[in-house]
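Sequence lines set the chain letters: A, B, ... in the order given, protein chains first and strands last, and positions in each chain run from 1. Remember, predicted model here, so these are calculated numbers, not experimental data.
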Amino acid sequence: MSEEKNEPLDFIRSIVTEDVKNGKRDGQVVTRFPPEPNGYLHIGHAKAICIDFGIAKEFGGVCHLRMDDTNPTKEDVEYVDSIQEDVHWLGFDWGENFFYASYYYDKLYEFALELIRRGKAFVCDLTAEEVKEYRGTLTEPGKESPYRNRSIEENLDLFERMRKGEFPDGAKTLRAKIDMADPNIHMRDPAVYRIRHAHHHRTGDKWCIYPMYDFAHCLSDSIEGITHSLCTLEFEIHRPLYDWFIDAVGAEPHPQQIEFSRLNLTYTVMSKRRLLELVNGNYVNGWDDPRMPTLCGFRRRGYTPEAIKKFCEILGITKTNSLSDIALLEHCLRDDLNKRAPRVLAVMNPLKVVIENFPEGDVDELEAINNPEDPSQGSRKVPFTRNIYIDRNDFMEDPPKKFFRLGPGREVRLRYGYFIKCNDVIKDADGNIVELRCTYDPETRGGSAPDGRKVKGTIHWVSADHAVEGEARLYDRLFSVENPGAEKNWLELLNPDSLEVKKIYVEPCLAEVEPGYICQFERQGYFCADKDYTQEKPVFNRSVALRDSWAKAQGKK
RNA sequence: AACCCCGUGGUGUAAUGGUAGCACAAGUGGUUUUGGUCCACUUAGUCUAGGUUCGAAUCCUGGCGGGGUUGCCA
């Protein structure tokens with residue numbers, strides 16, 4: 001009975017709250033997440049998952065996971081497995097409530113029979129092309145099929161023979177008898193069953209007729225006792241049909257379909273068709289390529305489930321067509337990672353630095369905090385030696401005004417190490433900088449000077465003798481335009497930078513840098529992701545990211 | 001020129017007839033052993049025209065704009 005007046009309720013929660021209050025369906029809440037196993041789950045699905053599972057949980061209900069597998073030609077067990085894995089990874093649990101629409105093929109067949117017996121469906125011999133002609137257009141009504149008035153007995157007989165496999169694909173369909181003049185084209189005698197002599201990933205060759213989405217979905221919901229059938233906006237126009245089928249066969253209970261807007265992200269393509277094209281065309285290395293907006297792609301890129309869920313929560317539930325800024329998603333990840341990800345020193349684009357007053361062969365073990373945001377994560381030792389690498393981007397021979405890092409004659413702090421001062425710049429014959437000669441101040445061990453003097457910059461470094469070398473791709477964004485989803489020639493907009501392989505050098509506390517991708521977050525840092533990414537893996541912070549940010553700012557001026 | 005849905009800062013949202021608020025982004029300043037984090041501040045909004053009302057982002061009507069719908073896909 002608690003009244004949470006201050007908590008704003010989105011329109012779906014308002015409806016559910018009202019239903020529960022009114023004792024509708026005994027106050028039970030049962031939702032479902034119903035993907036078709038024809039591809040991998042992407043960030044757009046994450047929103048639906050958060051809503052479906054989230055609302056069920058909030059109202060003390062359950063959420064089913066149901067594979068909407070009514071089209072055997074497009075589906076595969078590979079996808080079933082990945083979907084389960086990804087939903088679990090996000091942190092949701094369907095318990096015992098895992099189903100397939102194909103579990104209900106027998107019941108659905110019975111419902112179809114009932115539809116025929118009630119005179120509400122007929123077997124139609126029109127070809128696909130003819131059906132299209134008869135359907136009419138958006139502005140003109142359709143014409144009734146010449147087969148529309150077959151007797152119930154004949155329909156029953158024909159439908160039974162369809163099931164037995166007496167007809168080839170496309171020869172006949174079972175159609176609902178509704179209204180060919182309905183302004184909603186989906187109500188103009190829609191198909192209920194079609195013939196498909198195809199092997200189904202679960203039921204094998206048992207069936208050669210398969211129910212259409214509109215018929216199977218609402219009745220599957222009813223069979224499972226779903227109370228609120230939440231889906232995206234494109235199904236809005238299907239809702240009258242959803243209701244019609246349930247009423248027409250007299251199914252109980254009658255779930256309520258409610259639609260919300262789907263997620264769109266800037267710089268990202270989201271449709272399964274296009275993602276499949278990226279995979280099949282080898283533009284990416286599979287569904288879990290870290291550049292993909294799939295959940296497994298985000299996972300490899302180092303995203304946490306918490307960040308994704310938080311993002312979905314912030315977006316809220318509305319019916320407004322929207323294009324969400326991926327910067328918000330990145331913010332959610334930084335926010336999460338910042339609190340818990342261990343940090344490690346890293347250098348990309350190494351520049352050798354010789355500390356002239358540090359003895360050759362000596363190793364100084366320095367103490368480094370694992371996570372400045374979380375002291376409980378402890379510290380580690382970092383070896384300091386005469387020869388180190390810093391990032392090329394952290395040195396400028398002719399530093400402009402607001403550049404705070406190393407330059408000739410300047411002093412900076414090596415993070416967790418010493419202050420160093422640049423005395424000399426060594427170049428090769430072509431004038432490229434190949435080495436820096438510096439001196440360190442032994443008094444500044446740990447990073448602070450007893451005399452109280454300050455430095456403006458703190459830079460990353462690794463011991464040249466101890467650094468672990470690896471390669472990684474620098475992930476920026478797969479696409480280089482605002483919204484490639486809207487572009488016709490979207491494949492040409494792939495960002496070439498996303499393919500660039502870079503060297504990376506990290507502290508010896510890491511055994512190796514596994515080949516993978518490096519995710520770039522300006523001003524926050526990079527972290528490395530790979531096939532077996534875990535949240536315990538470190539963020540390679542600062543260095544290049546900050547440099548790029550600075551460069552970008554300069555470019556603006 | 002059909003039907004349905006949706007229009008609040010650049011973006012995503014809150015306010016359900018009573019002070020237009022939050023977050024991201026952008027910008028400025030401060031703290032800082034990550035140019036990160038954190039803190040403070042700034043910029044910026046109810047598509048439009050009428051109507052109802054003491055009072056409209058909210059209700060009504062028209063216009064304008066965006067999206068969806070003509071699979072034997074889901």
Under 4.0 angstrom, heavy atoms only, what part of the nucleic acid is Lys74(A) near: base, sugar-phosphate, or nothing?
base
Under 3.5 Å between N/O atoms: give me all the protein pairs with nucleotides 14-17 of chain B, atom names plus distance.
none

Quantified in whole Å, what is the C1' atom distance between nucleotide G71(B) and nucleotide G62(B)?
37 Å
Spell out, as yes or no, whether a donor-acceptor pair under 3.5 Å connects the side chain of Glu365(A) to the backbone of Pro383(A).
no
I want to check one thing: is the phosphate of A2(B), taken as OP1 and OP2, less than 4.0 Å away from some side-chain N or O of Arg188(A)?
no
What contact category does Phe235(A) fall into here, base, sugar-phosphate, or nothing, at under 4.0 angstrom with non-hydrogen atoms?
base
Of all heavy-atom pairs between Arg150(A) and Val123(A), which one has the smallest distance, and what is that distance?
NH2-O, 2.9 Å
Under 4.0 Å between a Lys/Arg side-chain N and an Asp/Glu carboxylate O for Glu411(A) and Arg453(A)?
yes
Please classify the nucleic acid contact of Leu263(A) as base, sugar-phosphate, or nothing, using heavy-atom distances under 4.0 Å.
nothing
Euclidean distance, Phe122(A) CZ relative to Asp189(A) CG, rounded to 0.5 Å
4.5 Å
Identity of whatever pairs with C59(B) - Watson-Crick or G-U, under 3.5 angstrom
G51(B)
Applying a 4.0 Å non-hydrogen cut-off, can you work out what Arg413(A) is touching in the nucleic acid: base, sugar-phosphate, or nothing?
base
Quick one: look up who U42(B) pairs with, Watson-Crick or G-U, both distances under 3.5 Å, and put none if it's unpaired.
A26(B)
Take atom CZ of Phe159(A) and atom C1' of C72(B), then tell me their distance rounded to the nearest Å.
13 Å
Select base, sugar-phosphate, or nothing to describe what Ser448(A) touches, counting heavy atoms under 4.0 Å on all strands.
base
Just to confirm, is there a sub-4.0 Å distance from OP1 or OP2 of C5(B) to any side-chain nitrogen or oxygen of Arg239(A)?
no
For Ile195(A), which contact category applies under a 4.0 Å heavy-atom criterion: base, sugar-phosphate, or nothing?
nothing
Look at the side-chain N and O atoms of Thr70(A) and state whether any lies under 4.0 Å from the OP1 or OP2 oxygen of A74(B).
yes
With sugar-phosphate meaning primed atoms plus P, OP1 and OP2, does Pro37(A) contact a base, only sugar-phosphate, or nothing at under 4.0 Å between heavy atoms?
nothing
Roughly how many Å is it from CG in Asn184(A) to C1' in U69(B), rounded to a whole number?
7 Å
